[in-house]
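As the structure lists them, so they are numbered: ligands from 1, and atoms in each ligand from 1.
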Amino acid sequence: MAEKETAPYAAPTPARYRTVHLQKAKDEGRRFAMLTAYDFQMAQVFDDAGIETILVGDSAANTMMGHATTLPITLDEMIVYAGSVVRGTRHAMVLCDLPFGSYELSPQQGTESAIRLVKEAGVHAVKMEGGVRYAEHVRMMTDAGVPVMAHIGFTPQSENVLGGYRVQGRTEGAAEAMVREATVLQDAGAFAVLMEMVPSDIARQVDEALRVPTVGIGAGPTTTGQVLVWQDMLGLRTGRMPRFVKQYADLHSVVSAAVTDYRRDVLEGTFPAAEHGFES
Ligand SMILES: Nc1nc(=O)c2c([nH]1)NC[C@@H]1CN(c3ccc(C(=O)N[C@@H](CCC(=O)O)C(=O)O)cc3)CN21
Ligand SMILES: CC(C)C(=O)C(=O)O
Ligand SMILES: [Mg+2]
């Protein structure tokens with residue numbers, strides 16, 4: 001990466017965001033932004049823009065590989081994406097999803113997978129879907145030296161059990177149950193709790209009850225952090241957007257127009273021009 005003339009962040013911001021800095025944001029009433037990335041170059045762009053945390057999401061199964069769900073992606077595949085992202089960052093904290101099948105059987109299985117992500121890809125933390133049943137996993141990973149972000153609410157790896165892509169926590173007593181669940185995960189050592197598709201008032205109650213920061217996607221405005229899948233927010237997603245997405249750019253149109261121009265130039269013979277060739 002090219003070195004910059006000026007530091008991208010004013011002192012005393014850290015060289016590399018860590019869990020303590022996200023905790024400090026919560027303690028001081030500040031927010032932070034998280035975006036997915038799956039490759040070296042987008043990670044560079046997001047890191048240079050000051051994004052505090054980059055998530056190598058198992059949404060790579062959808063966005064990078066064209067699968068209908070996140071279920072097929074493997075730990076080996078996640079390690080390839082995660083290593084590329086780590087190499088593209090200097091400041092962001094990089095966390096990586098534990099993919100379906102890499103942790104459910106036992107805390108040992110999960111901790112082995114988490115350690116592979118740290119050792120082989122260099123990630124700084126992992127994210128794991130699931131509630132109270134996974135508290136012991138969180139404890140063992142954290143004790144082993146891998147910070148864990150818990151992921152509750154809608155957990156896409158369980159979509160076959162949850163009955164589709166649905167807002168969670170709409171049943172009687174759901175708020176209290178979600179506060180309890182988040183608290184158990186926090187007390188097991190989770191450095192943050194992500195909530196996906198949770199009613200905003202419930203997410204606010206969880207955030208207020210927790211000491212650690214929360215991250216939201218479709219969980220309203222009061223979580224400490226927010227996360228989006230980059231292809232959604234930059235307009236590369238095909239098909240219907242979830243309600244929680246705000247589209248900040250239309251890259252599909254930008255890229256499509258450029259490659260259409262390129263093809264026309266090639267077919268018409270106006271590219272390459274003299275300046276794109278070499279003298280003998
Ligand atoms: N590109 C992409 N973006 C994501 O946000 C994302 C992924 N992939 N893959 C993994 C999970 C799956 N996610 C999703 C995907 C779709 C909906 C969705 O269709 N939501 C609808 C229905 C909500 C409801 O009716 O309750 C919505 O309108 O929000 C939600 C979460 C979030 N994650
Ligand atoms: C949508 C976010 C939270 C995620 O888990 C992913 O990108 O896989
Ligand atoms: Mg995920």
Side-chain angles (χ1 to χ4, degrees), residues 32-39 42-43 46 51-75 77-78 81-82 85 92-104 110 113-114 117 123 125-130 134 148-171 174 190 192-200 202-203 213-220 223-249 251-252:
F32 61 86
M34 179 157 124
L35 258 186
T36 67
Y38 315 99
D39 72 279
M42 289 311 285
F46 301 159
I51 294 292
E52 286 88 351
T53 53
I54 296 183
L55 170 67
V56 185
D58 59 350
S59 52
N62 311 124
T63 60
M64 302 300 286
M65 304 173 86
H67 292 300
T69 70
T70 58
L71 301 181
I73 196 166
T74 66
L75 183 61
E77 288 163 343
M78 292 300 293
Y81 292 121
V85 168
M93 179 175 148
V94 178
L95 61 148
C96 184
D97 269 337
L98 284 167
F100 180 63
S102 73
Y103 63 95
E104 296 87 342
S113 299
L117 284 168
V123 306
V126 300
K127 181 164 75 59
M128 177 175 59
E129 294 185 12
Y134 292 97
V148 182
M149 179 181 287
H151 176 161
I152 62 173
F154 177 63
T155 47
Q157 293 173 16
S158 308
E159 66 143 323
N160 291 315
V161 172
L162 296 175
Y165 288 46
R166 294 232 277 260
V167 175
Q168 302 297 304
R170 279 184 165 160
T171 53
V193 176
L194 181 144
M195 290 177 278
E196 176 165 347
M197 286 207 288
V198 171
S200 304
I202 297 185
T214 55
V215 177
I217 177 165
T223 53
T224 323
Q226 292 287 334
V227 60
L228 284 175
V229 169
W230 81 258
Q231 287 91 345
D232 297 352
M233 63 149 317
L234 294 179
L236 276 184
R237 185 187 180 116
T238 46
R240 206 177 62 79
M241 286 284 187
R243 179 181 166 87
F244 54 72
V245 174
K246 177 176 174 183
Q247 202 183 312
Y248 286 81
L251 283 200
H252 187 280

Compare [options] and give the one whose heavy atom is closest to [atom].
| atom | options | result |
| --- | --- | --- |
| atom 20 (N) of ligand 1 | His67, Met197, Gln168 | Met197 |
| atom 2 (C) of ligand 1 | Met233, Glu159, Arg243, Arg237 | Arg237 |
| atom 7 (C) of ligand 1 | Thr155, Asn62, Val227 | Asn62 |
| atom 4 (C) of ligand 2 | Val227, Leu55, Thr155, Thr36 | Leu55 |
| atom 5 (O) of ligand 2 | Met34, Met195, Lys127, Glu196 | Lys127 |
| atom 3 (C) of ligand 2 | Asp58, Leu194, Thr70, Leu228 | Leu194 |

> Has Asp58 got an N/O/S atom less than 2.8 Å from the Mg ion (ligand 3)?
Replying inline: yes
> Considering only heavy atoms from C-beta outward, does the side chain of His151 approach that of Met149 to under 4.5 Å?
Replying inline: no
> Does the side chain of Phe32 come within less than 4.5 Å of Pro213's, by heavy atoms?
Replying inline: yes
Can you tell me if [X] uses its side chain to pair, donor with acceptor, with the backbone of [Y] under 3.5 Å?
| X | Y | answer |
| --- | --- | --- |
| Gln226 | Ala219 | no |
| Thr155 | Ile152 | no |
| Gln168 | Arg166 | yes |
| Asp97 | Gly57 | no |

>> Can you classify the ring geometry of Phe46 versus Trp230 as parallel (below 30°), tilted (30 to 60°) or perpendicular (above 60°)?
In response: perpendicular
> Which protein non-hydrogen atom lies closest to atom 25 (O) of ligand 1, naming both residue and atom, and how far is it?
Replying inline: Tyr165 O, 4.1 Å
> For atom 4 (C) of ligand 1, which protein heavy atom lies nearest, and how many Å away is it?
Replying inline: Val229 CG2, 3.3 Å
> side-chain contact (heavy atoms from CB on, under 4.5 Å) with Met195: which of Thr214, Ile202, Val215?
Replying inline: Thr214
> What atoms of ligand 2 come closer than 4.0 angstrom to any heavy atom of Ser59?
Replying inline: 6 (C), 7 (O), 8 (O)
> Any idea which atoms of ligand 2 are less than 4.0 Å away from a heavy-atom of Gly57?
Replying inline: 6 (C), 7 (O), 8 (O)
>> Any heavy atom of Glu196 closer to ligand 1 than 4.0 angstrom?
In response: yes
>> Please work out, at 4.0 Å between heavy atoms, whether the side chain, the backbone, both, or neither of Gln231 comes within that distance of ligand 1.
In response: neither
> Heavy atom under 4.0 Å from ligand 1: found in Pro242's side chain, backbone, both, or neither?
Replying inline: both
Quick one: [atom1] on [X] to [atom2] on [Y], what's the gap to the nearest 0.5 Å?
| X | Y | atom1 | atom2 | result |
| --- | --- | --- | --- | --- |
| Met42 | Thr36 | CE | OG1 | 9.0 Å |
| Tyr134 | Glu104 | OH | CD | 5.0 Å |
| Leu71 | Ile73 | CG | CD1 | 11.0 Å |
| Leu35 | Ile51 | CG | CD1 | 4.5 Å |
| Gln247 | Arg237 | CD | CZ | 10.5 Å |

>> Side chain or backbone, does Asp97 bring an N or O within less than 3.5 Å of an N or O on ligand 2?
In response: yes
>> Within the 3.5 Å criterion, strictly below it, is a donor on Asp58 or Gln157 matched to an acceptor on the partner's side chain?
In response: yes
Looking only at N/O atoms, are [X] and ligand 1 under 3.5 Å apart anywhere?
| X | answer |
| --- | --- |
| Arg170 | no |
| Thr63 | no |
| Arg166 | no |
| Val167 | yes |

> Which atom, counting only N, O or S, brings Asp97 closest to the Mg ion (ligand 3)?
Replying inline: OD2
Atom indices of ligand 1 within 4.0 angstrom of [X] heavy atoms, with elements:
| X | result |
| --- | --- |
| Pro156 | 11 (C), 12 (C) |
| Arg240 | 19 (O), 21 (C), 28 (O) |
| Asp232 | 1 (N), 2 (C), 3 (N), 4 (C), 5 (O) |

>> Test of understanding: given a 4.0 Å heavy-atom threshold, classify the contact between Ile217 and ligand 2 as side chain, backbone, both, or neither.
In response: side chain
